[in-house]
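Worksheet: one structure, shown below.
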Amino acid sequence: MEAQNIFLYLLIVFLSLHFVFTTLKGRLSPANTRRLIRLLHIPIKSPVAAAIFARKDTREFLDSSIKLVNEEDDFGFSFDFKPYMISKAETINRALDEAIPLIEPLNIHKAMRYAILAGGKRVRPILCLAACELVGGEERLAIQAACAVEMIHTMSLIKDDLPCMDNDDLRRGKPTTHKVFGESVAILSGGALLALAFEHLTEADVSSKKMVRAVKELAKSIGTKGLVAGQAKDLSSEGLEQNDVGLEDLEYIHVHKTGSLLEASAVIGAVIGGGTEKEIEKVRNFARCIGLLFQVVDDILDETKSSEELGKTAGKDKVAGKLTYPKVIGVEKSKEFVEKLKRDAREHLQGFDSDKVKPLIALTNFIANRNH
């Protein structure tokens, strides 16, 4: 009888807590809801399971994508990048998992989680964390910013894949968000990620001055001075003959469409980390090099790899008549340009602590040598 009473008491307590939580959840803001979930340790997806998935996903990606990790490169540089990448990716994936709980409206949050937790290299958030630590900051200060730039990046992928844009069916080796949830939900989930990115960024424990600058950098990187401008130019250039365009047009597209968010990721990390103006500008110039590097490599891969190898539709840029470096200057010249950008990126890191620059140099090599 005593056991039955204990069970009933526990059941009443559980139902009471569930009622309180459900009531509060409907009245709290999304940010406070996330805090409540973390406080009560109610995981939508087990952090342990998320960490295991992140480690497996990242390790498989690294094994297949990095030609140069533990060996010295042509510059005599050596850094064990694989454990660094895995550790940072796990931290970011756990933070993203907590930042987007499965709450109402369920279909929108399911789509948001599907898109952002589907895998990926996490180059932008890792760049943000590495830049913060480069100038003497702590990782914990930049984790919200790192999540914010990944939310923005994922939003851009959702929009980029839509039938009215690049019309793609495959992303990160899986069906694109609009293929799984429909176009309307995909568009709404992209908008929700955009809004959440700024909300999440402002939760960082930094001064108001740094926060205002970080918000401005992020906003500028995705508007008509950044991602939108690059996307618009990219769409308007489709089908143009090689003689009708030049390297300036191509660089404009890549610097804005891909490079602007990579630049913002690094700069925001350096701002939050407390970098000086000189340090921030050096980080900015470094990020501009790897932003362009990322896209040149992407162009080469789209030309030379299969869909299975890339995890997305191969050759679609060529079919759509898009401007790419192989189209304008050829594959071999594009590879030479990759080597130049690697050298230029390293030069911008001169003067920083030799140990703290290692992750960024390794990240540069990673971007240049990836296979998908």
- State, without any angle test, whether Asp299 and His254 hold a side-chain donor-acceptor pair at a distance under 3.5 Å. yes
- Item | Check: Arg370 side chain, Phe294 main-chain N or O, donor-acceptor pair, under 3.5 Å | yes
- Is there a path of hydrophobic side-chain contacts, each under 4.5 Å between heavy atoms of I, L, V, M, F, W or Y residues, that connects Ile268 with Val206? yes
- Note on the structure: For Asp355 and Asp353, the nearest pair of non-hydrogen atoms, with its separation, is N-OD1, 2.9 Å
- Donor-acceptor contact present, side-chain Asn285 to main-chain Glu281, <3.5 Å: yes
- Hits for side-chain contact (heavy atoms from CB on, under 4.5 Å) against Thr91, two or more places apart or cross-chain, chain-then-number order -> Arg94, Glu139, Ile143
- Item | pair Leu292-Thr258: side-chain heavy atoms closer than 4.5 Å | no
- Task: Identify whether the distance between the nearest side-chain nitrogen and carboxylate oxygen of Asp205 and Lys210 falls below 4.0 Å.
- Result: no
- N/O donor-acceptor pair under 3.5 Å between His109 side chain and Pro105 backbone: yes
- Message: Please determine whether a side-chain nitrogen of the Lys or Arg among Glu263 and Arg288 lies less than 4.0 Å from a carboxylate oxygen of the Asp or Glu.
- Response: yes
- Message: What's the separation between atom OG in Ser156 and atom CG in Leu194, rounded to the nearest 0.5 Å?
- Response: 10.5 Å
- Distance from Leu127 atom CG to Cys132 atom SG, nearest 0.5 Å? 11.5 Å
- Pairing of Glu150 and Lys121 as salt bridge, 4.0 angstrom limit: no
- Query: Do the rings of Phe337 and Tyr325 sit parallel, tilted or perpendicular, given the 30° and 60° boundaries?
  - Reply: tilted
- Query: Under 4.5 Å between side-chain heavy atoms, hopping through other hydrophobics if needed: is there a path connecting Val185 to Ile187?
  - Reply: no
- Going by heavy atoms in the side chains, are Leu261 and Leu218 under 4.5 Å from each other? yes
- Message: Would the distance check show the side chain of Ser87 and the main-chain N or O of Tyr84 forming a donor-acceptor pair, the cut-off being under 3.5 Å?
- Response: no
- Item | Closest heavy-atom pair and its distance - Glu183, Pro163 | OE2-CG, 3.4 Å
- Quick one: ring pair (Phe, Tyr, Trp, His ring centres under 6.0 Å) partners of Phe286, sequence neighbours excluded? none
- Co-membership, hydrophobic cluster, residues Val180 and Met165, 4.5 Å side-chain: no
- Distance-only, no hydrogens or angles: does the Ser260 side chain make a donor-acceptor pair with backbone N or O of Ser221 under 3.5 Å? yes
- Message: How long is the straight-line distance from CG of Asp168 back to OG1 of Thr177, given to the nearest 0.5 Å?
- Response: 11.5 Å
- Item | Student check: side-chain heavy atoms of Val135 and Phe352 closer than 4.5 Å | yes
- Looking at CG of Leu227 and NE2 of His256, how far apart are the two atoms once the value is rounded to the nearest 0.5 Å? 10.5 Å
- Under a single-linkage rule joining Ile, Leu, Val, Met, Phe, Trp and Tyr whose side-chain heavy atoms are separated by less than 4.5 Å, which residues share a cluster with Val267? Val271, Ile280
- Nearest heavy-atom approach of Ala186 to Ile158 is O-CG2, 3.3 Å
- Message: Using side-chain heavy atoms (C-beta onward) and a distance below 4.5 Å, is Lys257 in contact with Gln295?
- Response: no
- Minimum side-chain heavy-atom gap Glu347-Gln350 below 4.5 Å: yes
- With a 4.0 Å cut-off, would you call Lys282 and Glu279 a salt bridge? no
- Query: In Å, rounded to the nearest 0.5 Å, how long is the span from OG1 of Thr324 to CG of Leu301?
  - Reply: 12.0 Å
- Query: Do Ile152 and Phe198 have side-chain heavy atoms sitting under 4.5 Å apart?
  - Reply: yes
- Compare all side-chain heavy atoms of Val296 with those of Leu341 and state whether any distance is below 4.5 angstrom. yes
- Message: Could you report the tightest heavy-atom contact between Ala148 and Ala197, atom names first, then the distance?
- Response: CB-O, 3.3 Å
- Find out whether Lys335 and Glu339 are in side-chain contact, i.e. whether some heavy atom of one side chain is under 4.5 Å from a heavy atom of the other. no
- Item | Basic-acidic side-chain contact under 4.0 Å: Arg140, Glu133 | no
- CE-CD1 distance between Met112 and Ile100, expressed to the nearest 0.5 angstrom: 4.5 Å
